[in-house]
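To start, the structure itself, in structure tokens.
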Amino acid sequence: MSTAVETPSSAPMSTDLRRVAVVSAKSAIAYTAVTAAMALLLLLVPRDGDVRYRMGAEGDAVRLPDVALPGMAVAWVCVAIAALVSVAAWALLRVQRKPSVWLGILLGVVLLVAFLSWSGAGSQQDLPVTRLVGGAVLLSVPILFGALGGVIGERAGVVNIAIESQLLLGAFAAAITGSLTDSPVAGLVAAIVAGMLVAVVLGVFTITYKVDQVIVGVVLNVLVVGLTSFFYSEVLVPNAERLNDTERFKPIAIPVLSDVPIFGPALFRQSLLVYLAYLAVPVVWFALYRTRWGLRLRAVGEHPQAADTVGIKVELTRYRALLIAGGVVGLGGAFYTVVSVSSFGKEMTAGAGFIALAAVIFGKWDPVRAAMAALLFGFAANLKDMLSLVGAPVPSQFMLMLPYVVTLFAVAGLVGKSRAPAADGEPYIKE
Amino acid sequence: MSVDDSQLGGTSVAAPQHVGDEPPVRPAGTKAPDDGDRWREALRRVTSGGWAVSLGAVVLAVLAGSVMIAVTDKGVQDASGYFFSRPQDTFSAIGSAVGGAYAALFRGAVWDFRADDFAGGIKPFMSSLNFATPLIGAGLGVALAFRAGLFNIGGRGQMLVAAAAAGWVGFGVDLPIVLHLVVAMTAGIAAGAIWSGIAGLLKAATGAHEVITTIMLNYVAFYLISYMLATPGLLQAPGSSNPKTPPMADTVIMPRLLGAQYKLNLGFVFALVAVVLVWWLLNRSRLGFAFRAVGENPDAARVAGIDVRRTTVSVMLVAGGLIGLAGTTQVLGTVTTGFSSDIDAGIGFDAITVALLGRSTPFGVLAAAILFGAFKAGGSVMQASENVPIEIVLVIQSLIVLFIAAPPLVRAVFHLPQPGARPKKRARRQPKEVAA
């Protein structure tokens, strides 16, 4: 179904439009449901004491004071705001309008603050806001690169289930090269090459041999897990010092920007790869939507026949898109072995590629939205560390589960039916 | 992609939610399953391989495995140091490394030629069948979803909840002998079906993509089970602090089929029954016809009066039930001494490869599952006796599927004749290409 069907319009009421209203009530229902759930949590499990937000970080030019607030009160205020947002969503629904993305983001943020305040109430530990944001950005880096690569590939009409394998092989290559050369930059380059290598295999099978893209993707994942684990046991473990001990990227503080309170240390005292991620999102967006290359790529993904008719080389365009996408994903793989830790481990990507795939669909095949989705997953992954720090009153497993539940709700309630590029997954056979 | 969709949604820039004033062209309550066709071709592409191609694929994969074994073997590396003075040493080292590894694989998977009698010799094959048991059920679940154009990556979560439900009944409830097994299996299969049904329901009700929802449900299930395993009174064994359940009650354990020396248990029979049932369902029943119709062409199915949404939910329920069977036989047949959160053992993901190799047909899945079971059984013997990491099995398995999926490649490598009826690039159904 096209998204147009779900979009309300200002045309006069008709039978069709009333149905449209029913469809778009999903957001309002979802808003109300999560707000009610939060309120219920506060009612059933009240917690005493203050929550202390630590606003500063080491090395700040201007050190903000820590903030201590009564946890429950803050939480209730946030729930009240969330309730207002829900009411607003219903009100918008009455006039046939869909709540904007910002309303959703506002709801998410206030509910998050409510949850944090409730969890941190009465805790001996401070909640470091800087690490809350900075850690989220850091952890989202591989997912973000994976999602960007996925978006490029799918906009060109090639479904890339193999993101996981590109990340893993990227991490593997970065580990070996980085260890041999003692240079993280060399590791980064090797990771790009590794991602491209997987892309070439994907391309040969799906574009040249017209094998189903899902099959090749799934199989490549297994293949790369097998290859990297095999060579890890046979080669890396016996020569760990020479082949599996990388020099990591050091965090670089950007002058001025890194001194901005709270967000400065979080966003601008990161390593090179994180800054590359900041750059990659607008660059990919620009390349896809504002360049001739991007227009042709999208044309090939939506309607390869039409593209072919006007003289665009479909297969070549797809190969090129896959190669670039592979390089982008490979960069994400480098995160594991030259940013996060300094050695490779078996299956160390642990499903991040699948999360990236989810981010692609969640972000509706748009680089910026996909990056936001990746950030959400990174935030969720980081949140559990933060909550275990303050000793949250919920079993840790539920904390770990939270991001995935949120995604389920978000996909079902807010995103709904996502529309893939029309020729996504279709091999092109010239007539 | 239907013609309707290409008319409605253009290449929207940045925001796909372009405000369209055009009225919806479809009657209420219908959805164009545009993402369905992405996966729908999944099995069809693997078909039309033929025996020669399959054999060629296996040969190529085994060759690739041999190269990996040879390159990493210590003896080969030493001998290649003086390759130009005594090349035969290198070749004999390669021969012994590769030969030894594959001999061990065979010995662990099919026939133990070191055993004294037939009973001992056939033991590895029984072990392979035992490894194949959960792969059959889970492979069927994935294959069935493929047939209906759905991609079920949720095998892991479905197996976990099924194992938890069956296991809880298995150790926590006192029932007489046969009834206990029946109740435990019902609980496990139902749990798997419900878990997968959530994804089906979300897809039918809101259009949420099953790839996302099943992946997310995997994680939710994993952490839910981890919590239950760490909480006394739920799944954790009393008086223990390990995240592990108590052993299953004697009344619920699936009996071994051929005596205590073989691990093969009643679960294998249930898996075989499931194969026949799925075959019947797909090829002889009204529901299965609806599944296939929706998988082939959802628009046509809808026009023909099939409720696509309801079919989506039904498919996921049945698929989850089959994967639930796999989780159930794991805890009641194979790992009866109590399980932890790794009980799924990657089977949920292996099942995807099994379904692909089996071309999403019930008997194809059976054959593929037995092949993969043999690889698993043989791989562990190979690792133990020849020090070749078991992961090489993954490489060989995935290469086999990859090569079988690309017959022209295999034919080119072995100079096999291209089939006359088929053009060099296999032609796809033309109308679809036009519509897309």
Side-chain angles (χ1 to χ4, degrees), chain A residues 1-5 7 9 11 16 19-20 26 159 205 209-212 214-216 218-219 222-223 225-227 229-231 233-235 289 298 302-303 305 354 357-358 361-362 364 366 395 397-398 400-401 404-405 407-408 411-413 415-420 422-426 429, chain B residues 1 5-6 8-9 11 13-14 16-24 28 31-32 34-35 38-39 41-42 45-46 68 72 151 202 206-209 211-213 215-216 219-220 223-224 226-227 352-353 356 389 391-392 394-395 397-399 401-402 405-406 408-409 425-428 433 436:
Chain A
M1 175 178 295
S2 157
T3 43
V5 180
T7 315
S9 80
D16 282 331
R19 189 177 64 77
V20 168
K26 276 192 312 194
V159 176
F205 278 93
Y209 286 106
K210 321 265 189 260
V211 184
D212 184 273
V214 175
I215 295 181
V216 182
V218 168
V219 169
V222 181
L223 180 64
V225 167
L227 282 175
S229 303
F230 179 85
F231 286 109
S233 311
E234 287 285 274
V235 182
Y289 294 124
R298 285 180 294 132
E302 292 286 343
H303 203 319
Q305 252 178 345
F354 288 102
L357 188 66
I361 304 174
F362 201 173
K364 294 188 172 178
D366 172 83
Q397 291 90 354
F398 286 99
L400 291 157
M401 196 194 293
Y404 308 108
V405 177
T407 310
L408 268 179
V411 170
V415 179
K417 188 105 188 164
S418 37
R419 183 183 168 277
D424 205 6
E426 301 286 330
I429 288 107
Chain B
M1 181 60 54
D5 279 306
S6 41
L8 269 175
T11 321
V13 177
Q17 297 169 317
H18 50 129
V19 179
D21 283 335
E22 68 255 76
K31 277 182 185 259
D34 49 6
D35 48 357
R38 285 176 50 184
W39 320 114
E41 286 285 287
R45 310 305 303 175
V46 208
M68 285 171 62
T72 53
F151 192 20
L202 286 175
T206 70
H209 203 295
V211 168
I212 306 187
T213 51
I215 293 175
M216 296 303 136
Y219 288 99
V220 174
Y223 291 119
L224 191 66
S226 304
Y227 167 73
I352 302 173
T353 337
L356 294 177
E391 285 88 5
I392 191 144
L394 290 179
V395 176
Q397 281 175 351
S398 52
L399 285 178
V401 180
L402 202 55
L409 179 70
K425 288 173 180 173
R426 280 186 296 140
R428 290 163 40 77
E433 194 59 38

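Per chain, numbering begins at 1; letters A, B, ... match sequence-line order. Note that this is a predicted model, so its numbers are computed, not measured.
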| request: Find the one option among B:L224, B:L399, B:L202, B:V220 whose heavy-atom pairs under 4.5 Å with chain A are most numerous. | output: B:V220

| note | Assert top hit (heavy-atom pairs under 4.5 Å, partner chain A, pool B:L402, B:L394, B:T213) equals B:L402

| field | Interface moiety of A:V216 toward chain B, non-hydrogen atoms closer than 4.5 Å | value | both

| task | Run the numbers on B:Q397 and A:L223 for side chain to side chain contact (heavy atoms under 4.5 Å, CB included), then give the verdict. | result | CA-CA 8 Å; B:Q397 281 175 351; A:L223 180 64; over 6 Å; no

| query | side chain to side chain contact (heavy atoms under 4.5 Å, CB included) between B:I215 and A:Y404: does it pass, once the steps are laid out? | reply | CA-CA 9 Å; B:I215 293 175; A:Y404 308 108; over 6 Å; no

| query | Given a strict heavy-atom distance threshold of 4.5 Å, which part of A:F354 is in contact with chain B: side chain, backbone, both, or neither? | reply | both

| task | Could you grab the distance from atom CZ of A:F231 to atom CD of B:E391, nearest 0.5 Å is fine? | result | 11.5 Å

| said: I want to check something: taking the side chain as every heavy atom from C-beta on, are B:Y219 and A:M401 in contact at a cut-off of under 4.5 Å? | reply: no

| query | Is it the backbone or the side chain of B:I392 that comes under 4.5 Å from a heavy atom of chain A, or both, or neither? | reply | both

| message | Centre-to-centre under 6.0 Å for A:F398 and B:Y223, is that the case here? | response | no

| Any side-chain heavy atom of A:V405 sitting closer than 4.5 Å to one from B:M216? | no

| message | With heavy-atom distances below 4.5 Å as the criterion, would you say the side chains of A:V218 and B:F151 are in contact? | response | yes

| Looking only at heavy atoms, what is the nearest atom pair of A:V235 and B:T72, with distance? | CG2-CG2, 4.1 Å

